[in-house]
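Quick notes on the structure that follows.
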Number of protein chains: 2
Amino acid sequence: MGNRNLAQKIKLSTIAEALGLSTATVSLALRDSPLVADVTRDRIKEKAIELGYIYNRRAASLRTSRSGIIGVVVHDIMNPFYAEILKAIETELDRSRQTFILSNHYDSVDKQRNFIETLLQLGGDGVIMSPAIGTPASDIRLAEDNGMPAILIARSVPEIDVPTFRGDDAYGTALATNHLISLGHTRIAMIGGTDHTSTGRDRYAGYANALKKAGIEVDPQLRIPGPRTKQSGFEAAVNFLANPLKPTAAVCWNDLVAIGLMNGIARAGLVPGKDISVTGYDDLEEAAIATPALTTVWNGQSEVGRFAARALLDKLNGSSEADGLHLIKPEMRIRQSTSPLNPGAGR
Amino acid sequence: MGNRNLAQKIKLSTIAEALGLSTATVSLALRDSPLVADVTRDRIKEKAIELGYIYNRRAASLRTSRSGIIGVVVHDIMNPFYAEILKAIETELDRSRQTFILSNHYDSVDKQRNFIETLLQLGGDGVIMSPAIGTPASDIRLAEDNGMPAILIARSVPEIDVPTFRGDDAYGTALATNHLISLGHTRIAMIGGTDHTSTGRDRYAGYANALKKAGIEVDPQLRIPGPRTKQSGFEAAVNFLANPLKPTAAVCWNDLVAIGLMNGIARAGLVPGKDISVTGYDDLEEAAIATPALTTVWNGQSEVGRFAARALLDKLNGSSEADGLHLIKPEMRIRQSTSPLNPGAGR
DNA sequence: TCAAACAATTAAACAAATCTAAAAGGTTTA
DNA sequence: TAAACCTTTTAGATTTGTTTAATTGTTTGA
């Protein structure tokens with residue numbers, strides 16, 4: 001067992017000895033310092049490749065206190081909403097030779113704190129997080145106080161002033177609700193999600209205010225909360241269709257819930273988009289290819305990811321500070337899952 | 001800019017000085033060494049918490065050469081197939097206090113090698129990878145030769161003998177094809193995917209052999225390759241429906257392609273599962289809630305992830321070696337997207 | 001011509017932990 | 001009472017790269 005490492009590890013001193021130089025020169029040369037003569041640098045680099053030298057970042061970061069590691073924690077990387085944000089972050093960070101460490105917290109504050117601690121142990125340069133429900137301010141401060149700047153995405157944390165990027169949820173749900181109202185719907189349910197997050201409260205407020213402004217009474221019976229998954233939307237269909245208030249339209253928490261709901265409606269023999277109008281939220285890739293194509297609200301995932309990554313890189317470079325909340329304005333995407341109220345509708 | 005770190009960093013020596021002990025004792029105590037007296041250990045641990053000490057893994061790993069980092073690279077973490085594998089890996093690794101670093105390679109061999117190099121620089125303990133198309137044996141050896149064991153999932157690499165876990169693709173597609181044949185279909189297309197990977201070749205072989213065995217001619221015109229996404233399945237529908245051979249059923253590369261294809265078929269005014277039978281592959285969560293519910297082949301994602309993680313942990317602990325290929329046997333999941341051949345079908 | 005400036009290189013300190021071998025202190029045994 | 005033997009603690013070396021200040025040799029300028 002374990003006679004790997006046949007050849008002993010190649011380190012700076014191996015190269016230095018092979019060339020009759022000091023480790024200082026080799027170190028400087030490999031980092032393209034102008035202090036080293038061109039000829040010397042070339043010889044060193046050649047030798048490094050020849051010997052298969054591998055730079056030891058842990059040793060280096062011990063001295064420099066920059067590890068090149070950036071942490072990202074979200075609720076669930078499998079969720080396409082976060083996946084789209086992550087892709088934007090990845091694209092942005094890739095340019096700056098930072099490695100990023102990814103983790104799910106599944107809304108467990110403990111798992112999230114565990115991640116922050118691990119990241120601190122590894123000397124993480126910064127962290128981008130979509131905070132778990134109930135995240136205490138102290139957990140963000142733990143990172144900040146130990147020299148690891150934090151950026152928040154998708155959700156805010158009370159009493160915390162770090163740069164925060166998310167969509168304007170109240171505005172976005174109001175867009176969707178107004179769209180349905182303009183089509184003649186008045187019995188509009190809101191499906192999925194929770195009211196325990198800033199996002200949840202904002203989305204409900206957007207929906208409720210839009211109804212009120214149009215002179216439609218807000219009936220709490222029409223609010224059906226639940227997980228933010230297709231499965232949950234699918235299951236909500238039964239409740240939705242059995243509702244005594246006979247809603248004719250649904251504002252869904254997100255596209256996943258909406259697609260699940262449409263599947264459930266179809267399974268019950270009704271035609272989503274004709275018998276029942278459905279709006280999603282996020283405008284995921286698959287919204288456009290759902291059947292019927294889903295009317296939804298674009299939530300600026302790519303913007304959120306890109307801005308967050310940039311804000312972090314800026315902070316690391318000591319330049320501008322973008323503390324506080326930055327709201328991205330959502331936009332309506334109208335497709336085939338919504339249609340004018342059918343006079344005989346409501347079952 | 002940057003007057004964070006108000007208090008200077010707390011390290012072992014800070015604790016040691018505060019208690020009038022040596023760093024050696026503190027180091028041993030925090031790792032629960034039996035060499036340290038119980039009273040002393042308790043005092044030290046208390047002080048560590050009081051001061052907010054954060055363990056510096058980079059410094060430690062410099063001496064111990066175990067970083068606690070495990071790397072995982074797959075084609076695309078957004079793809080639910082990999083996401084399910086990743087979840088299984090995460091669950092398994094979580095128990096062993098390893099941090100895992102995730103990356104996409106999008107089938108770019110360069111991006112993949114880049115990741116391996118970064119991981120080596122960080123002192124990664126091991127790597128689990130679903131190798132990019134065209135991965136040379138030398139890239140796997142780069143990891144292994146530098147003391148970082150590799151485990152392969154989902155795909156094999158020629159000339160490489162490291163532990164490899166994947167589904168039995170030939171067997172699985174044969175299952176799906178036979179299912180369709182048993183329903184009376186003879187004009188069966190195969191949609192999506194590529195023939196440039198071991199997986200691709202195996203799947204095509206499974207499909208083709210099943211047809212041959214049943215005395216059905218294999219028509220290369222019925223093979224429509226393409227990306228492995230919903231989008232691509234959706235777009236393939238047009239081609240599929242226009243095919244002069246009027247296929248009545250489709251064996252799809254995976255569930256995503258199948259769901260996309262069904263959406264495309266529905267968009268064209270036909271009823272998937274009645275007019276055209278469709279099978280998927282993987283049995284993702286959403287296969288069951290698609291409309292119609294998708295007949296598919298379970299590909300053992302969770303098993304692959306769990307086995308791979310265990311094999312790596314075993315290797316790190318120097319115990320058993322599971323080199324070579326391990327095939328997981330897929331199973332048929334019959335739902336509503338397939339039905340007996342309608343005599344008047346084929347458009 | 002000599003001091004100052006400059007270019008290239010290096011010795012040695014340093015980062016924060018671990019680990020080995022030895023010391024210190026106390027108790028038991030011969 | 002000295003030797004042997006624990007138990008607990010520690011000095012100091014070690015890990016690999018970075019950085020500072022010093023060194024050596026060369027060139028420039030007055």
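Naming convention: chains lettered A, B, ... in sequence-line order (proteins, then strands); numbering from 1 in each chain. Not measured: the values here are computed from a predicted model.
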Atom-pair distance (CG on L12(B); C1' on dA17(C)), nearest Å: 6 Å
dT16(D) OP1/OP2 closer than 4.0 Å to side-chain N/O of Y53(A): no
Between protein and nucleic acid, restricted to nucleotides 7-13 of chain D and to nitrogen or oxygen atoms under 3.5 Å apart, what atom pairs and distances do you find?
| from | atom 1 | to | atom 2 | distance (Å) |
| --- | --- | --- | --- | --- |
| dT9(D) | OP1 | T40(B) | OG1 | 2.8 |
| dT9(D) | OP2 | A37(B) | N | 3.2 |
| dT10(D) | OP2 | S22(B) | N | 3.0 |
| dT10(D) | OP2 | S22(B) | OG | 3.3 |
| dT10(D) | OP2 | T25(B) | OG1 | 2.7 |

Report, one line per pair, each donor and acceptor closer than 3.5 Å where one atom sits in a side chain of residues 34-44 of chain B; sequence neighbours left out.
| from | atom 1 | to | atom 2 | distance (Å) |
| --- | --- | --- | --- | --- |
| D38(B) | OD1 | R41(B) | NH2 | 2.9 |

For atom CD1 of I54(A) and atom C1' of dT15(D), their distance in whole Å: 17 Å
Plane angle bin for F165(A) and F307(A) - parallel if under 30°, tilted between 30 and 60°, otherwise perpendicular: tilted
Any R57(A) side-chain nitrogen or oxygen under 4.0 Å from OP1 or OP2 of dT16(D): no
Basic-acidic side-chain contact under 4.0 Å: K315(A), D125(A): no
Closest listed nucleotide, where the reference is the side chain of L62(A) and the choices are dA16(C), dT18(D), dA17(C): dA16(C)
Atom pair distance, as rounded to whole Å: CG in L30(B) and P in dA16(C): 16 Å
Interatomic distance, K9(B) NZ vs dA16(C) P [rounded to whole Å]: 8 Å
Separation of dC19(C) C1' from R66(B) CZ (nearest whole Å): 17 Å
Spacing between I10(B) atom CD1 and dA15(C) atom C1', to the nearest angstrom: 16 Å
Q121(A) CD to dA16(C) P, straight-line distance once rounded to whole Å: 15 Å
From CA spacing to verdict: salt bridge (charged side-chain N to carboxylate O under 4.0 Å, His left out), E303(B), R306(B): CA-CA 5 Å; E303(B) 308 279 290; R306(B) 197 166 70 243; 3.3 Å; yes
NZ/NE/NH1/NH2 to OD/OE distance under 4.0 Å, R141(B) and E144(B): no
Working for salt bridge (charged side-chain N to carboxylate O under 4.0 Å, His left out), residues K87(A) and E84(A): CA-CA 5 Å; K87(A) 194 162 272 179; E84(A) 292 190 6; over 6 Å; no
Rounded distance in Å - CZ (R58(B)) to C1' (dA15(C)): 9 Å
Below 4.0 Å: OP1/OP2 of dT18(D) and any side-chain N or O of R31(A): yes
Verdict with reasoning, I153(A) to I85(A), per side chain to side chain contact (heavy atoms under 4.5 Å, CB included): CA-CA 9 Å; I153(A) 50 176; I85(A) 294 182; 3.8 Å; yes
